[in-house]
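A, B, ... follow the sequence lines: proteins, then strands. Residue 1 opens every chain.
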Amino acid sequence: MNVRLTVNGEPHEAEVWEGESLLFALRERLGLPGSKNACEQGECGSCSVLLDDRLVCSCLVLAVQADGHDVVTVEGLAEDGRLHRVQEAFAATGAVQCGFCTPGFVVAAADLLEHNADPSDDEIREALSGNLCRCTGYAKIFDAVRLAASQ
Amino acid sequence: MTVPAEKLRLGRVGESARRTDAVPKVTGEFAYSSDAYAAGMLWGRTVRSPHAHARIRSIDVSEALAMPGVHAVLTHEDVPGEKRYGLEFRDQPVLAFDRVRYFGEPVVVVAAEHPEQARRAADRVRIEYEPLEPIVDPERATEQEPLHPDRPTMGHGYRDDPRPNVVRSLVIRRGDPDARGDVSVSGVYELGIQDQAFLGPESGLAVPDGEGGVDVYVATQWLHVDRDQVAPCLGLRPEQVRIHLAGVGGAFGGREDLSMQIHGALLALHTNRPVKIVYDRQESFVGHIHRHPAKIWAEHRATRDGKLVCIRVRILLDGGAYASSSTAVTSNAASFACGPYAVENALVESTCVYTNNPPCGAMRGFGAVQSCFAHEAQMDKLAAALRIDPIELRLRNALAPGDSLPTGQRITGTLPVADVIRRCAELPVPEAEELPRDPIRLPGGAGNTTRGEGVRRGVGFAVGFKNIGYSEGFDDYCTARVRLLADGSAEVHCAAAEVGQGVANVILQTARTELDTDDLVLAPATTSSVGSAGSASASRMTWMAAGAVREACRAALAERERTGGEVDVERVYRHPRTTPFDPETGQVTGERAHVAYACAAMRVVAEVDVELGLTRVVWIGTAQDVGRAVNPQAVEGQIEGGTAQGLGLALMEEVQTRGGLITNASFTDYLVPTTLDMPPVESVLVEDPEPDAPYGVKGVGEPPTVVSTAAILSALRDATGRELTRVPVSFDEVVGLD
């Protein structure tokens, strides 16, 4: 099937098999492997993207469901060659280790700050509870979100 | 006179420099093994055993081969070289023949144009099995039919244990094991199977070179040992197989053993096309080794004033179907069974057996995690029996440099056990939070289940230690190569696997320090341009990479001084030599069986809702012996992350099996700590430079994992008054107190 969608502001078109997830299409059809494939069953958040400004696990969305819609991935957060403040904060605070969860966390944290400019610690924990990280124990991820919120 | 422009100063040793890969990782540009792509590539898929133990009667691939898009369906008959491989012992079939010994064992591999075509073809491979009775009870394994009658781990200098299915048994005997004290406490402790649960699934890309050789881009922990296992199975010379490090999405020991390397290379050479293999999460759970489950019987005898007199410990580890690194885990569990305490008399018996349960091998903490859980429970029990403060009891027995371990090894390096205990105990414990409070800060969290009426609070403490580097006479080395170019820049080659722990920064910070320049790059890690770095394991990589890079840099500078031109030097660094244990007494046969040790102490505040059986860890404080921190921010990150994995084992993580079959192979059913489970972790870095190590560094990755499970259990016991002898703790064990 043919799908047309907007990804990071650019129109894209791809030939996909009906069973393919949006995650697969982004990674394997559109050359955007930033969204990650840690569980592919909606448990880890590593594939988080914005679909029409809503945070979703792209592994749980069929590529054909995204036909005609607007998608923002981790590759679309930086603007004019400048990192998004959440990206900059993750790099600065040591919130990145292996980094496999990082794209999902960055997208989810950017979405949190979009809706809540000054989240409490509990709000940060709850908002990011759908994203698993196996390396950091989360402490420096919380530091990063607090730092980004303060800017 | 011109004023030179101020040089950009990137991090040197001791500075919290930003990770070199931070920016590509936050933008999504960093290429992980599952992102690998080549024009015309096929997708591989592995057909795995649905049985824990079965004879293979026949394999029919004809239907699968006729499926659309399929290019190859390979069995053991298509393995051109050695039919078996193994990290330390060649006991594991590349593709099973005759029989399968565990659930998920690879039998057939398929390559097709699309991953879904490969999956469907895999479903059409017809394998006729004759199920056999699986060995699933490790306590009975030594009385059952041997799974490996040829005993692959025998004849390697270990104690000869003639019982069937023994992978290794080690007995450490010190002083008078029958020595009596004024008091004695005993306990039996159990740990379930923990999974590394790295987020980046096993994956890689194999590309045929057109000349009979192959390049494999893969996430691994040790490139050269992968090559040395892959090449013989392909019937190739080592230099015909080049292993390149693709981005690694976490490892924690789980990538020491091979996953897709041989399978991908086989398919690539057979089809003459690049072949990509990516496991899904379910396959990842069955496709790699786990932390050994254990049962530990311990007895501690002490004087009335709390001096340890004698410790007796028996450890049983379930190694599963193949040896992997079980022999070293067996020895580590024994080496650390008595904890970081001085004791004159000890008898430690550690045995690992083969079963048809999931194969076990390396996971962060590597045998010391299991032992620490038991010895710290025992120390709390002893403190209670003696009515001595548990921290004071630990201080009275703390090991110190100059003391000897039960193996007879004298501690010649640093080991500030008393210091980490004191520094940790000094951290102020937060006050209990009043009720009512936001339910997100109650056990059960966002479930909003109670108002906290049944919540009880406990404070726990634990100390643990572990070896740094490979032990028992292993020739443990690391290679680095440095090129100084005519334009003044430098290029560093080292095949140390950056698995997320930050070794790329260790290498760069070391080279910048030694060469006193920022104008240098770290070349990609590969077997094709530099010698072996050894494994990113055993908390060794920082020490070893820093040692090798420092030597290569210094040699390069000396060479340039001599010749004045461009230089290209390679140097091999070795840590002080170790020797094996005496197979009969478990005593050291030279100065040391382990190179060095690192310790950590941890204090935990936990709450338990005893009406619901729910727990919440409120706060963790820790002091860790780090030698010298190359990058303090990265060290803190290791401590926080390592603590989280220990919390997972304490409270929620267990690979569950029934008749050897894994029943919870997903993140839906195997839970790892989330943002709502992890408390704040306050960490103190205790810097006591290790005399034998470059810059005084020690590895830091494992001690927090070793100690945190034990410390959390200590807090839960304090809250509930229950013994809690098994981890992960089940709801049933902490519910329904009076």
Side-chain angles (χ1 to χ4, degrees), chain A residues 17 19-20 24 27-28 31-44 46 73-78 83-84 86-103 106 121-142, chain B residues 16 18-19 21-32 34-35 37 114-116 196-201 203 247-252 278 280-281 438 440-441 445-446 499-502 633-634 636-645 647 666-668 672-676 678 680-681:
Chain A
W17 170 64
E20 285 175 14
F24 186 89
R27 290 173 52 77
E28 304 293 340
L32 292 167
S35 307
K36 287 290 169 278
N37 57 320
C39 80
E40 298 183 83
Q41 55 183 185
E43 293 288 354
C44 75
S46 72
T73 72
V74 68
E75 289 100 335
L77 291 182
L83 295 181
H84 187 283
V86 168
Q87 292 173 314
E88 176 57 35
F90 268 65
T93 57
V96 178
Q97 287 187 30
C98 93
F100 207 80
C101 71
T102 304
V106 165
D121 286 358
D122 288 342
E123 286 170 335
I124 294 171
R125 283 176 185 273
E126 190 156 12
L128 299 181
S129 63
N131 292 74
L132 297 179
C133 171
R134 191 58 163 165
C135 295
T136 67
Y138 305 106
K140 298 202 183 318
I141 291 176
F142 301 145
Chain B
S16 290
R18 183 178 287 204
R19 286 183 70 100
D21 56 12
V23 170
K25 283 179 173 175
V26 299
T27 58
E29 288 162 44
F30 186 83
Y32 293 89
S34 54
D35 302 336
Y37 175 86
H114 189 282
E116 182 63 16
Q196 295 82 357
F198 42 67
L199 286 194
S203 46
V248 185
F252 319 118
V278 182
D280 61 22
R281 183 52 51 181
D438 189 316
I440 202 167
R441 293 194 304 279
V499 297
Q501 84 281 44
Q633 185 189 64
E636 282 173 18
Q638 286 296 303
I639 292 174
E640 291 154 2
T643 299
Q645 291 184 1
L647 181 145
S666 75
F667 284 154
T668 309
V672 300
T674 71
T675 54
L676 294 172
M678 268 309 285
V681 176

Contacting moiety of [X], where chain B heavy atoms sit under 4.5 Å:
| X | value |
| --- | --- |
| A:Gln87 | both |
| A:Cys135 | both |
| A:Ser46 | neither |
| A:Leu77 | neither |

* **Partner of A:Gln97 by side chain to side chain donor-acceptor pair (under 3.5 Å), out of B:Lys25, B:Gln501, B:Gln638** => B:Gln638

Looking at [options], which one has more heavy-atom pairs under 4.5 Å with chain B than the rest?
| options | value |
| --- | --- |
| A:Glu75, A:Lys36, A:Glu40, A:His84 | A:Lys36 |
| A:Phe90, A:Tyr138, A:Phe24 | A:Tyr138 |
| A:Cys39, A:Gly34, A:Cys101, A:Pro103 | A:Cys39 |
| A:Gly42, A:Ala91, A:Gly19 | A:Ala91 |
| A:Thr73, A:Ile124, A:Val106, A:Leu128 | A:Leu128 |
| A:Ala95, A:Cys98, A:Ser35 | A:Cys98 |

* Could you tell me whether B:Arg18 and A:Glu88 make a salt bridge, using a distance below 4.0 angstrom between a side-chain N and a carboxylate O? => yes

* **Ion pair A:Glu43/B:Arg281, N-O distance below 4.0 Å** => no

* Find out whether A:Ile141 and A:Cys133 are in side-chain contact, i.e. whether some heavy atom of one side chain is under 4.5 Å from a heavy atom of the other. => yes

* Asked: Non-hydrogen atoms of chain A under 4.5 Å away: do they reach the side chain of B:Glu116, the backbone, both or neither?
  -> side chain

* Structure fact -> So, the part of B:Pro24 with a heavy atom under 4.5 Å from chain A: the answer is neither

Within this structure, what is the [atom1]-[atom2] distance for the pair [X] and [Y], rounded to the nearest 0.5 Å?
| X | Y | atom1 | atom2 | result |
| --- | --- | --- | --- | --- |
| A:Asp122 | B:Leu676 | CG | CG | 9.0 Å |
| B:Met678 | B:Glu640 | CE | CD | 7.5 Å |
| A:Leu132 | B:Phe667 | CG | CZ | 6.0 Å |

Which one, [options], leads in non-hydrogen pairs under 4.5 Å with chain A?
| options | answer |
| --- | --- |
| B:Thr668, B:Ile440, B:Val499 | B:Thr668 |
| B:Thr27, B:Val681, B:Asp438 | B:Thr27 |
| B:Gly250, B:Ala197, B:Ala644 | B:Ala197 |
| B:Ser16, B:Gly642, B:Pro673 | B:Pro673 |

* Who pairs with B:Ser34 by side chain to side chain contact (heavy atoms under 4.5 Å, CB included), at least two apart in sequence or on another chain? -> A:Arg27, A:Asn37, A:Phe100, B:Tyr32, B:Ser203, B:Val278

* **side-chain hydrogen bond (donor to acceptor under 3.5 Å, both in side chains) between B:His114 and A:Glu28, worked out** => CA-CA 11 Å; B:His114 189 282; A:Glu28 304 293 340; over 6 Å; no

* Asked: With a 3.5 Å cut-off and no angle check, do the side chains of B:Gln196 and B:Gln645 form a donor-acceptor pair?
  -> no

